*Asks:* 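I'd like to ask some things about the structure below.
For clarity, every value in this text was computed on a predicted model and none was experimentally measured. Proteins come first, then strands; the chains are lettered A, B, ... in the order of their sequence lines, and each starts at number 1.
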Amino acid sequence: MDKVYQHQETEGKWSSFWEKQGYFTPEINPKKKPFTIIMPPPNANGELHVGHALFVTLQDILTRYHRMKGNSALWLPGADHAGIQTQVVYERILEKQGKTRYDLGRNEFYAQVYDFTLKNKEVMEDQLRRLGASCDWSREKFTLDPAISKAVYLTFKKLYDDGLAYRGERMINWCPRCTTALSDAEIVHQEKEATLWFIRYPLIQETEKAGQCVPLKEKFIVVATTRPETMLGDTAVAVNPDDKRYKNLIGCKAYVPLISREIPIIADNSVDKKFGTGAVKVTPAHDPTDFEISERHNLPKIQIIGFDSKVTAEGKRYAGLKFNEARRQILEDLKKEGFLEKEKPYLHSVGRCERCNDVVEPLISLQWFIKMKPLATLAIRAVKEGKIKLLPRRFEKVYYQWMENLRDWCVSRQIWWGHQLPVWYCGTKGLSDLQRRLNDIAETPGCGEVIVAAEKPSECPKCQNAKLIQDPDTFDTWFSSGQWPFTTLGWPKQTSDFQYFYPTSVMETGYDIFFLWVTRMIVLGLYCTGQVPFQTVYLHGIVRDAKGQKMSKSKGNVINPLTVADQYGADAVRMALVFNTTPGNDQNLGEDKIRGMRNFTNKIWNIARFVIDFKPDSYETGITKTLQAEDKVILEELKKTQEKVTKSLENFRFSEAAQTLYQFIWHQFADIYIEKAKSRRAETQAILEHVLKVSMELLHPFMPYVTEEIWQKLPHQGKSIMVAPWPK
RNA sequence: GGCCAUUUAGCUCAGUUGGUAGAGCGCCACGUUCACAUCGUGGAAGUCACUGGUUCGAGUCCAGUAAUGGCCACCA
């Protein structure tokens with residue numbers, strides 16, 4: 001044995017050995033208890049980062065532990081097409097070639113992105129293997145696999161038939177760069193220095209009801225806004241009904257300056273008396289609150305900013321201008337005509353597209369939605385009844401809050417990369433103008449019937465027209481990944497996998513996608529299968545750099561897990577990622593820590609050298625000799641370690657288990673026992689071998705490679721430590 | 001505006017039934033024949049953010065304060 005542990009020479013070897021032996025593929029055995037983890041599918045648009053390495057480590061620990069315990073342990077890997085994110089990534093690649101997706105056209109673009117994701121997927125698979133992931137490649141899935149897609153279509157049809165999926169004109173978040181609607185969960189709010197403009201809306205004396213309306217002294221009602229250009233779409237001014245300043249004006253009318261539209265002054269409780277002037281301009285087509293006010297008061301909704309961010313024809317003389325140019329022009333005109341009373345700096349938050357960072361525009365649009373109230377009720381109950389446990393527990397509170405305040409989920413996206421909606425229209429009549437324009441669809445006749453079906457219908461059931469047009473939109477990527485825990489197991493077919501492995505045991509993922517993903521899996525899992533998708537949710541934190549800064553390419557502080565795995569060994573990287581960490585909290589990872597764990601692997605290696613390289617003529621193979629005090633102590637400590645590690649793992653306390661093993665192996669076994677054993681070498685050999693073997697078995701889930709390498713050199717009947725029984 | 005987390009040795013962090021403070025890294029001294037210098041032995045180092053309370057006893061439970069970070073929300 002070498003003096004220094006050479007991870008390069010062992011890690012690749014064992015990884016392929018395990019896979020060839022079929023150890024990653026569990027058997028469906030009714031006598032065994034299943035243990036299932038569905039891997040959060042990495043987005044197939046890049047390489048693995050250190051966050052992936054963390055989930056690989058935690059999930060592999062659980063899988064290896066339960067496999068050794070004798071369960072049928074399935075860890076099912078996969079990859080996510082990652083709709084909008086991948087589309088944005090690929091469009092950036094095209095941009096460098098001076099192209100847009102429109103230059104390629106929908107089919108060619110889809111083909112190229114498909115190719116791109118498959119290549120990334122392969123790279124990621126190798127990287128997962130490299131990190132020691134013992135997942136079952138024979139069951140690997142991709143979100144765009146035909147069977148998975150079909151399940152997704154069926155779910156949508158089921159929702160539609162149950163009245164839970166509907167198409168409607170609602171206020172959505174529009175990303176002008178991605179040219180698509182987004183759900184609320186995909187919006188990132190950011191503080192921004194802005195200006196609050198105070199604009200005078202001239203009052204109109206109501207002649208018929210003379211005397212009822214008492215105009216203000218200045219004959220204006222002043223409103224405050226951060227977006228003056230939206231005044232083009234104002235259809236009311238709202239005040240709080242209890243606001244004494246404006247009480248006499250309720251029911252009166254005012255002019256929108258510059259365009260001279262006559263609008264009512266109305267009372268609505270949503271208006272905050274203390275904000276600005278206490279009077280707010282109402283732009284129903286471009287603000288969610290205003291939209292709701294307009295619904296309550298039956299106000300018209302005038303869209304004045306189009307999907308192209310330009311002012312529409314409704315904007316009269318400002319039509320055709322980009323919204324920001326229109327803003328400048330309008331401010332200039334307001335000033336010139338004396339309608340701008342004052343301005344003041346104001347800090348407020350703007351919504352941005354999570355993927356491309358463009359400012360989103362609230363717009364009314366015809367989209368598909370999922371009704372969330374009834375689904376959320378199921379989801380809340382599942383957690384309340386303890387059918388799903390969230391770790392750490394504190395996430396239950398935010399879970400309930402989120403579920404209780406859900407708005408309907410907009411699931412249609414005007415992007416090309418993803419599952420196209422299983423909706424067909426008889427002729428182009430059913431398509432929105434937006435859809436026709438974005439996809440350059442020529443008009444074809446038809447009765448306008450809307451058909452939702454898992455497969456393309458041959459003709460319109462109403463008028464027998466065979467020229468049906470599929471909805472060009474694609475699903476929110478989280479709609480398909482929200483069904484991942486059961487579509488991967490064959491649902492809706494009652495496959496043996498589904499029956500045996502579902503509901504899954506643990507969902508292990510980052511808290512950063514808790515709302516985007518975990519909540520949706522719970523909702524859709526309960527709805528589709530009638531069972532919880534998983535029993536325990538373990539949420540890990542973000543891996544930051546050594547100083548606690550978020551890793552990013554631009555900062556240059558990224559730790560590439562594969563690079564450090566090559567340098568220090570995958571075992572060291574894995575151990576560093578669980579050592580001294582807690583669920584739900586971020587952790588800092590520096591190279592020092594990984595180096596320290598590399599030293600630990602080397603320590604283990606040298607313990608093994610000491611134990612294994614000893615070649616006496618003969619020695620007792622069993623632990624039968626009268627035991628000395630130190631022998632009793634180490635065996636007792638080993639027993640305690642075994643019990644503690646088992647208990648820690650049962651309770652998802654990975655760090656505690658890792659520290660227990662580290663302390664035992666290094667400081668009790670090596671520093672104390674081995675030192676003492678040196679003076680009575682031959683009679684301790686059996687104990688040394690035993691303690692080493694059990695230590696390796698306990699440590700195996702954490703550091704699979706070095707433990708296998710050493711275990712193989714020890715006397716035993718087994719073929720691999722991976723399938724050795726968990727020490728009792 | 002609401003909610004949550006964090007605050008423990010120079011640094012990064014563990015500490016789950018409340019019982020004399022722990023780890024890794026770093027630091028100091030010594031030690032290279034006999035598994036390992038990717039090492040060993042020994043050592044210095046903390047009034048566990050602050051204030052009050054419960055308790056025989058609190059880093060650990062309760063109330064409040066402060067600082068930092070995060071999440072959620074329709075702040076015009």
*Asks:* Here's a test of your reading of the structure: between Gln663(A) and Glu191(A), which maps to the more 5' nucleotide of RNA chain B?
*Replies:* Gln663(A)
*Asks:* For rU68(B), give the paired nucleotide (Watson-Crick: N1-N3 plus N6-O4 or O6-N4; G-U: N1-O2 and O6-N3; both under 3.5 Å), or none.
*Replies:* rA5(B)
*Asks:* Please check if any side-chain donor atom of Thr563(A) sits under 3.5 Å from a side-chain acceptor atom of Asp566(A), or the reverse.
*Replies:* no
*Asks:* For nucleotides 35-42 of chain B, give me one character per nucleotide, 5' to 3': B if any protein heavy atom sits under 4.0 Å from the base, S if the only such contacts are to the sugar-phosphate, - if neither.
*Replies:* BBSBSSS-
*Asks:* Nearest-Å distance, CG (Asp272(A)) to P (rG1(B))?
*Replies:* 11 Å
*Asks:* Please work out if Val223(A) contacts a base, only the sugar-phosphate, or nothing of the nucleic acid, heavy-atom cut-off 4.0 Å.
*Replies:* nothing
*Asks:* Using atom P of each nucleotide, how far apart are rC11(B) and rG26(B) to the nearest Å?
*Replies:* 16 Å
*Asks:* Considering only the P atoms, how many Å lie between rA29(B) and rU65(B), rounded to the nearest integer?
*Replies:* 48 Å
*Asks:* Side-chain donor-acceptor pair under 3.5 Å between His348(A) and Glu191(A), yes or no?
*Replies:* no
*Asks:* Find the distance His286(A):NE2 to rC74(B):P and express it as a whole number of Å.
*Replies:* 18 Å
*Asks:* Tell me what Asn585(A) touches on the nucleic acid: a base, only sugar-phosphate, or nothing, going by heavy atoms under 4.0 Å.
*Replies:* sugar-phosphate
*Asks:* Among Phe198(A), Trp197(A), Phe275(A), find the residue that satisfies the ring-ring contact (aromatic ring centres under 6.0 Å, His included) test when tested with Tyr346(A).
*Replies:* Phe275(A)
*Asks:* Go through the steps to decide whether Asn580(A) and Gln659(A) satisfy the test side chain to side chain donor-acceptor pair (under 3.5 Å), and finish with yes or no.
*Replies:* CA-CA 7 Å; Asn580(A) 227 357; Gln659(A) 300 214 31; 3.1 Å; yes
*Asks:* For rU17(B), which nucleotide in any strand shown is its Watson-Crick or wobble partner with both distances under 3.5 Å?
*Replies:* none
*Asks:* Would you indicate what Asn580(A) reaches in the nucleic acid, counting non-hydrogen atoms under 4.0 angstrom: base, sugar-phosphate, or nothing?
*Replies:* base
*Asks:* For Phe515(A), answer base if it contacts any base atom (sugar-phosphate contacts may also be present), sugar-phosphate if it contacts only those atoms, and nothing otherwise; contact means non-hydrogen atoms under 4.0 Å.
*Replies:* sugar-phosphate
*Asks:* Do Arg261(A)'s NZ or CZ and the ring of Tyr255(A) fall within the cation-pi criteria of under 6.0 Å and 45°?
*Replies:* no
*Asks:* Let's test this: given Watson-Crick or G-U wobble pairing with both distances under 3.5 Å, identify the partner of rC27(B).
*Replies:* rG43(B)
*Asks:* Whether Lys397(A) contacts rC4(B) is assessed here as follows: a side-chain N or O lying under 4.0 Å from the phosphate OP1 or OP2. Is that the case?
*Replies:* yes
*Asks:* Is the centre of the Tyr538(A) ring less than 6.0 Å from the centre of the Phe654(A) ring?
*Replies:* yes
*Asks:* Under a 3.5 Å threshold, yes or no: a donor from one side chain and an acceptor from the other, between Tyr568(A) and Asn599(A)?
*Replies:* no
*Asks:* Looking at the base of rC25(B), is there any donor atom on it, or on the side chain of Asp592(A), that sits under 3.5 Å from an acceptor on the other one?
*Replies:* no
*Asks:* Assign Phe291(A) to base, sugar-phosphate, or nothing according to its heavy-atom contacts below 4.0 angstrom with the strands shown.
*Replies:* nothing
*Asks:* Using a 4.0 Å heavy-atom cut-off, does Thr582(A) contact any base of the nucleic acid, only the sugar-phosphate backbone, or nothing at all?
*Replies:* sugar-phosphate
*Asks:* For Arg394(A) and rU6(B), give me the distance from atom CZ to atom C1', rounded to whole Å.
*Replies:* 9 Å
*Asks:* Please measure how far the P atom in rG10(B) lies from the corresponding atom in rG46(B), and state the result in whole Å.
*Replies:* 7 Å
